[in-house]
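All remarks here apply to the structure that follows.
Quick note: residue numbers are just sequence positions, from 1.
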Amino acid sequence: MSDLHNISTAETTFAAESSGSIGVLTVRGTLDFTTHEPATEFFDKAFAQFGPYLVVNLLELDFLDSRATGLLVNCWKRALDQGGWLGLVAIEQGAARALWITGLASHVPIFPTLADALAAAPSRDAE
């Protein structure tokens with residue numbers, strides 16, 4: 001069993017599961033400087049378990065700061081550098097609005113639903 005299943009802080013919950021050959025990571029609560037260390041650990045373990053094909057669900061995020069935005073950018077670059085793909089699930093309101101304000105949404109694939117992100121994910125069979 002994965003040690004990724006339930007990692008939590010007082011205000012943040014990280015969860016991971018697979019959907020076919022894609023790792024689906026969900027972050028609920030706050031993603032900021034106070035959660036940077038456990039978030040970094042969570043993403044490192046996700047890359048180790050699922051490889052560079054990931055979807056990060058941010059729909060239940062309450063707060064996202066610039067340091068956390070940087071962490072998401074680093075994860076996206078890491079996935080690309082390893083020949084993979086990373087998509088975010090977010091909408092242009094609430095906490096995730098920072099993705100649009102910073103311009104990140106024009107570079108990283110962002111989808112309104114998990115189903116849309118999974119449908120857009122490239123097949124790993126092409127590796």
Side-chain angles (χ1 to χ4, degrees):
M1 191 67 171
S2 167
D3 59 351
L4 278 175
H5 189 62
N6 291 314
I7 297 176
S8 298
T9 69
E11 299 191 18
T12 306
T13 302
F14 303 94
E17 61 185 343
S18 63
S19 178
S21 62
I22 304 291
V24 177
L25 315 178
T26 301
V27 182
R28 294 176 182 90
T30 300
L31 197 53
D32 65 6
F33 75 96
T34 65
T35 60
H36 187 76
E37 188 174 319
T40 300
E41 177 185 338
F42 173 72
F43 285 115
D44 286 346
K45 288 181 179 181
F47 273 94
Q49 180 175 340
F50 300 111
Y53 288 84
L54 302 170
V55 170
V56 182
N57 183 350
L58 303 173
L59 290 176
E60 297 181 55
L61 205 60
D62 298 327
F63 183 76
L64 175 71
D65 75 358
S66 60
R67 189 167 187 185
T69 302
L71 177 61
L72 294 172
V73 169
N74 288 339
C75 287
W76 171 64
K77 287 179 180 179
R78 182 177 177 182
L80 294 180
D81 288 347
Q82 293 180 15
W85 181 87
L86 184 138
L88 302 176
V89 180
I91 54 176
E92 192 178 351
Q93 61 186 352
R97 187 163 184 235
L99 301 174
W100 280 265
I101 292 170
T102 61
L104 183 60
S106 64
H107 301 287
V108 178
I110 300 180
F111 304 90
T113 69
L114 181 57
D116 290 338
L118 290 171
S123 171
R124 290 184 82 162
D125 297 336
E127 289 183 18

Does the side chain of Leu64 come within less than 4.5 Å of Leu72's, by heavy atoms?
yes
Quick one: does Thr26's side chain get under 4.5 Å of Leu114's, heavy atoms only?
no
Provide the closest heavy-atom pair for [X] versus [Y] in the form atom of the first, atom of the second, distance.
| X | Y | value |
| --- | --- | --- |
| Trp85 | Ala121 | CZ3-CB, 3.5 Å |
| Ala15 | Phe42 | O-CZ, 3.4 Å |
| Ala117 | Val89 | CB-CG2, 3.7 Å |
| Ala46 | Leu54 | O-CD2, 4.4 Å |
| Trp76 | His107 | CZ2-O, 3.5 Å |
| Ala96 | Ala90 | CB-CB, 3.6 Å |

Give the C-alpha distance, both sets of side-chain angles, the deciding distance and a yes or no for side-chain contact (heavy atoms from CB on, under 4.5 Å) between Leu99 and Val108.
CA-CA 9 Å; Leu99 301 174; Val108 178; over 6 Å; no
Point-to-point distance, once rounded to the nearest 0.5 Å, from [atom1] of [X] to [atom2] of [Y]:
| X | Y | atom1 | atom2 | value |
| --- | --- | --- | --- | --- |
| Leu86 | Leu80 | CG | CG | 8.0 Å |
| Cys75 | Asp44 | SG | CG | 7.5 Å |
| Leu59 | Phe111 | CG | CZ | 12.5 Å |
| His36 | Thr12 | NE2 | OG1 | 13.0 Å |
| Ile91 | Trp100 | CD1 | CH2 | 8.0 Å |
| Leu61 | Thr30 | CG | OG1 | 7.5 Å |

Looking only at atom types and distance, does a side-chain atom of [X] sit under 3.5 Å from a main-chain N or O of [Y], one as donor and one as acceptor?
| X | Y | answer |
| --- | --- | --- |
| Tyr53 | Gly83 | yes |
| Asp65 | Phe33 | yes |
| Thr113 | Asp116 | yes |

Is there a path of hydrophobic side-chain contacts, each under 4.5 Å between heavy atoms of I, L, V, M, F, W or Y residues, that connects Val73 with Leu58?
yes
Let me know which of Thr35, Leu71, Asn74 forms a side-chain contact (heavy atoms from CB on, under 4.5 Å) with Thr40.
Leu71
